[in-house]
Amino acid sequence: MSLLSQTLARVKPSPTIAITNRARELAAEGRDIISLSAGEPDFDTPEHIREAGKAAIDAGHTRYTAVDGIPELKRAICAKFARENGLDYAPANITVGTGGKQILYNALMATLNPGDEVIIPAPYWVSYPDMVLLAGGTPVFVEGAMANGYRITPEQLDAAITPRTKWVILNSPSNPTGAGYGESHMRGLTEVLLRHPHVWVLADDIYEHLVFDDFEFVTPAQIAPELKDRTLTMNGVSKAYAMTGWRIGYGAGPVALIKAMATLQSQSTSNPCSISQYAALAALEGPQDYIAESRAVFQRRRDLVVEGLNACPGIDCPMPEGAFYVYPSIKALIGKTSAGGTLIADDEAFASALLDETGVAVVFGAAFGLSPHFRISYATSDEVLADACRRIGKFCEGLV
Ligand SMILES: Cc1ncc(COP(=O)(O)O)c(C=O)c1O
């Protein structure tokens with residue numbers, strides 16, 4: 001009898017984590033490696049948030065808490081939704097989990113039956129399809145074409161909806177492309193969703209605060225209040241406040257869904273870390289300067305990377321609206337051979353040869369469901385990014 005369950009047999013480990021690990025191994029062997037594969041800010045958590053975590057330990061906030069979050073944090077999350085998104089939620093509409101990842105997982109596990117479909121715009125964050133599979137559902141991919149800024153169109157969404165559609169996942173700004181749905185683009189999608197009352201909306205707003213130039217963030221329940229009763233708005237402190245390791249994410253939605261998610265959490269992990277909850281409270285209620293400061297840094301890095309990559313022969317890199325990723329096309333390089341003798345048959349071969357021959361670790365597009373591309377996370381210093389672009393440029397010049 002096989003050790004693994006049939007459910008687990010359907011899913012694969014996260015490819016981004018696999019590539020990050022491979023880069024670490026090569027670095028441990030003494031190779032000069034630049035890893036641009038991990039999706040987390042390179043800054044430290046702001047000091048007042050760190051202090052709140054230490055104070056929570058000293059104040060004895062080291063015991064079990066309410067399963068899906070302490071009341072103070074739920075109230076602070078309600079205030080955040082009112083202040084930043086014009087959304088009116090009560091604490092009973094809020095659930096707090098171990099990262100946004102657990103919120104998404106709980107929502108899918110609590111609602112999907114075998115055969116239920118979940119629409120996932122591609123390219124997508126690597127975890128969505130596998131979470132849907134783990135929950136017994138069926139991912140349905142809709143391709144956001146590069147020519148359309150990697151956004152799906154209302155017509156494409158409409159055509160993908162069937163009587164089995166349970167959820168559509170919308171992630172703006174997006175991992176892996178950085179593409180954002182501004183108000184007119186989002187409204188195009190919400191108008192379609194209003195015509196299909198059986199479809200629920202999972203809004204992954206984790207990159208809300210990382211938006212550039214004059215792009216204005218919107219979330220579906222905000223611009224289409226009629227959708228609020230069938231929307232789970234997910235967010236968290238990981239990317240907004242450089243708190244990836246603290247593991248606090250949250251969701252807001254109808255009470256019945258929130259309760260079901262809490263039931264699942266009560267039988268799996270129970271409360272998210274008590275200390276982290278107090279730190280998240282300080283993040284939401286304290287000074288918000290970090291957000292604007294980090295946004296300015298990320299915008300400068302985005303400009304540097306887009307310019308650097310577009311100077312590489314054969315790479316075409318659009319300018320993203322947000323997050324800290326770029327997702328260039330390498331269509332012009334497919335079929336060429338690297339200086340080290342590797343045939344660039346696809347984006348996986350490109351990423352593998354790039355790592356072997358130049359020490360730059362990027363994630364190949366197939367992992368995100370749209371090829372031939374690769375993803376760079378530019379959450380690292382300007383010097384490292386400039387060095388990476390130089391190495392990628394040299395690699396591309398060496399292709400014949
Ligand atoms: C699109 C997207 N959603 C959700 C998450 C989950 O973040 P966390 O679990 O750290 O809150 C990530 C993290 O990489 C992400 O990129």
Side-chain angles (χ1 to χ4, degrees), residues 13-20 35-43 45 49 68-69 73 77 80 94-109 118 120-132 134 139 144 150-151 167-181 201-211 217 219-220 232-252 261 265 268-269 272-273 276-277 279-280 283-284 298 320-327 363 367-370 375-379:
S14 159
T16 45
I17 293 177
I19 289 159
T20 307
S35 183
L36 304 177
S37 54
E40 63 179 341
D42 54 322
F43 304 117
T45 304
I49 302 175
D68 70 348
L73 181 54
I77 292 166
K80 175 260 179 272
I94 305 296
T95 182
V96 184
T98 300
K101 206 167 196 171
Q102 188 178 26
I103 302 295
L104 297 168
Y105 187 77
N106 285 349
L108 296 168
M109 286 301 266
V118 178
I120 302 176
Y124 44 73
W125 180 40
V126 292
S127 292
Y128 297 142
D130 289 282
M131 282 191 195
V132 170
L134 273 174
Y150 298 112
R151 284 178 288 264
W167 290 96
V168 54
I169 301 182
L170 298 176
N171 173 218
S172 164
S174 139
N175 177 3
T177 62
Y181 288 79
V201 185
L202 222 174
D204 180 343
D205 294 352
I206 199 90
Y207 295 101
E208 164 178 20
H209 289 299
L210 288 169
V211 292
F217 173 84
T219 192
L232 181 71
T233 305
M234 186 232 100
N235 210 321
V237 295
S238 288
K239 321 279 177 173
Y241 303 98
M243 291 179 71
T244 45
W246 298 79
R247 312 303 306 128
I248 296 290
Y250 52 85
M261 290 167 64
Q265 194 160 304
S268 48
T269 58
C273 171
S276 299
Q277 290 189 66
L284 292 175
F298 281 124
E321 288 84 26
F324 40 64
Y325 307 104
V326 288
Y327 200 68
V363 187
F368 307 101
L370 187 72
R375 186 194 78 171
I376 278 184
S377 163
Y378 54 82

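Indexing begins at 1, ligand by ligand and atom by atom, following the structure's order.
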- Query: Can you list the residues that meet the ring-ring contact (aromatic ring centres under 6.0 Å, His included) rule with Tyr241, with sequence neighbours excluded?
  - Reply: none
- Item | Parallel, tilted or perpendicular: ring planes of Phe298 versus Phe324, cut at 30 and 60 degrees | tilted
- Query: Within a strict 4.5 Å, meaning less than it, do heavy atoms of the Tyr250 and Leu73 side chains meet?
  - Reply: no
- Heavy-atom cut-off of under 4.0 Å around ligand 1: list whichever protein residues fall inside it, by chain and number. Gly99, Gly100, Lys101, Trp125, Tyr128, Asn171, Asn175, Asp204, Ile206, Tyr207, Ser238, Lys239, Arg247
- Task: For Tyr128, check ring-ring contact (aromatic ring centres under 6.0 Å, His included) against everything at least two apart and list the hits.
- Result: Trp125
- With Tyr181 via ring-ring contact (aromatic ring centres under 6.0 Å, His included) - residues at least two apart: none
- Member of Thr233, Asn235, Thr219 meeting the side chain to side chain donor-acceptor pair (under 3.5 Å) criterion with Asp205: Thr219
